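Working notes, structure below.
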Amino acid sequence: MDTTNWLADTAQIPVQELPGFAPDGSNTCVSMLRLDTIHPFISGNKWFKLKYNIETALAEGYTSLITFGGAYSNHLIAAAAAAQHYRLYITGMVRGEEARRQLNPVLQQCRDMGMRLEFVPRDVYRSILSDGYRNAVLDPYHDHLLIPEGGANEAGRKGAGEIAGHILPRYTHICVSVGSGTTLAGLRQTLSPSVHIAGFAPLKGGSYMKTVIAGALERNKDVNWSLTDDYHFGGFGKTNEQLQGFMQSFHSRYGFMLDRVYTAKMMWGVKDLLECSKWPEGADILCIHTGGLTGN
Ligand SMILES: *Cc1c(COP(=O)(O)O)cnc(C)c1O
């Protein structure tokens, strides 16, 4: 298809240095790849993960998509915006029926962009995922192109791998937040094995994602990547005053926002690891701003 009229403009993704982020006297350099700038709703890594799923839909003549997410899912909102742009019908299956009663701003925005919302009980949602999306609940959607939660399929990893094309070879360490792990996996398959990729999972007990990511990697499975779940702040979506204060001072110092679910916790972790001297001297660190600001 004609990729010149792709929806998001990724020609010039800014990289911003973060002077003073590393402690005084350290000779590490910290910068941020601003994927949050590419589109107001399809921001960050979401566009990369959707891109080849959309291409498949258009190339194979699908008129409808179905995808999945929680009530505050950045993936749902990105998928709704992409479907609207490419004139595809889309159903979003939302985890939990309680979200139906009063639509939160994320789901309202999804609906405003034309997404049909279907609310399923949590146990049904879980069974759909654990059945690998081969659950009878999905029978009515057999003619829809199915995009898994988080865009976590081969097309998603392929697109996420293209983020590597925006990363200069000077960097020794890449930091990325982890939800489904699709972005980390895509990057690991594409970036040079000499670059270390550090994943930050913002959920309690998130280290199980190591197995999920390793399972998704077709190559570089055991090559130079790590995952920590030390910086979860009480669990997925949870926050506290310290984290809020950190986000505010980051914003006033560098002039852009972090999202509270993923990138704020990652940057807190990066700072902590720098302060404990866990990174080698001379490390040149690039943190990926994966977007998510609609969730704030
Ligand atoms: C979705 C999302 C992630 C997680 O990406 P995965 O590819 O699912 O690991 C990270 N950061 C932000 C801001 C997100 O919206």
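Because only heavy atoms are used, hydrogens play no part in the values below, and waters and symmetry mates are left out as well, while side chains stay in. Counting from 1, the numbers follow the sequence of the chain as shown. These figures come from a predicted structure and were not determined experimentally. Start at 1 and go down the list; that is how both ligands and their atoms are numbered.
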For [atom], what is the closest protein heavy atom, and at what distance to 0.1 Å?
{"atom": "atom 13 (C) of ligand 1", "answer": "Gly291 O, 3.2 Å"}
{"atom": "atom 5 (O) of ligand 1", "answer": "Asn45 ND2, 2.9 Å"}
{"atom": "atom 8 (O) of ligand 1", "answer": "Ser180 OG, 2.6 Å"}
{"atom": "atom 4 (C) of ligand 1", "answer": "Gly179 N, 3.3 Å"}
{"atom": "atom 7 (O) of ligand 1", "answer": "Thr183 OG1, 2.6 Å"}
{"atom": "atom 11 (N) of ligand 1", "answer": "Thr290 OG1, 2.7 Å"}
{"atom": "atom 14 (C) of ligand 1", "answer": "Lys46 NZ, 2.9 Å"}

Q. What atoms of ligand 1 come within less than 4.0 Å of a heavy atom belonging to Gly292?
A. 13 (C)
Q. Asn74 heavy atoms, cut-off 4.0 Å: which ligand 1 atoms fall inside?
A. 14 (C), 15 (O)
Q. Is the Lys NZ or Arg CZ of Arg116 less than 6.0 Å from the centre of Tyr89's six-membered ring, within 45° of the axis?
A.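 The answer is no; the distance or angle limit is not met.
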Q) Is the shortest N/O to N/O distance between Gly181 and ligand 1 below 3.5 Å? A)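 Yes.
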Q) Just distances here: any N/O of Asp259 and N/O of ligand 1 closer than 3.5 Å? A)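 No - when backbone and side-chain N and O of Asp259 are compared with those of ligand 1, no distance drops under 3.5 Å.
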Q: Please confirm whether Lys49 comes under 4.0 Å of ligand 1, counting heavy atoms of the residue only.
A: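 Right, Lys49 reaches ligand 1.
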(Q) Check contact between Val178 and ligand 1, using heavy atoms of the residue and a distance below 4.0 angstrom. (A) yes
Q: Anything under 30° is parallel, anything over 60° is perpendicular, the rest tilted; go ahead and classify His144 against Tyr141.
A: perpendicular
Q) Charged N to carboxylate O below 4.0 Å: is that the case for Glu98 and Arg100? A) no
Q. Would you call Arg122 and Glu97 a salt bridge, using N to O less than 4.0 angstrom?
A. no
Q. Is the side chain of Gln189 donor-acceptor paired with the backbone N or O of Glu218 at a distance under 3.5 Å, no angle test?
A. yes
Q. Counting N and O atoms only, with roles assigned by atom type, does the side chain of Ser43 sit under 3.5 Å from a partner on the main chain of Pro40, one being a donor and the other an acceptor?
A. no
(Q) Tyr133: which residues meet the side chain to side chain donor-acceptor pair (under 3.5 Å) condition with it, sequence neighbours left out? (A)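 Tyr133: no side chain to side chain donor-acceptor pair (under 3.5 Å) contacts found.
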Output side-chain donor-acceptor pairs under 3.5 Å for residues 268-278, partner residues at least two apart or in another chain, one line each.
residue, atom, partner, partner atom, Å
Lys271, NZ, Phe21, O, 3.0
Asp272, OD2, Tyr231, OH, 2.7

(Q) Please determine whether side-chain contact (heavy atoms from CB on, under 4.5 Å) holds for the pair Thr67 and Leu146, giving the CA-CA distance in whole Å, both sets of side-chain angles, and the decisive distance to 0.1 Å. (A) CA-CA 6 Å; Thr67 194; Leu146 188 148; over 6 Å; no
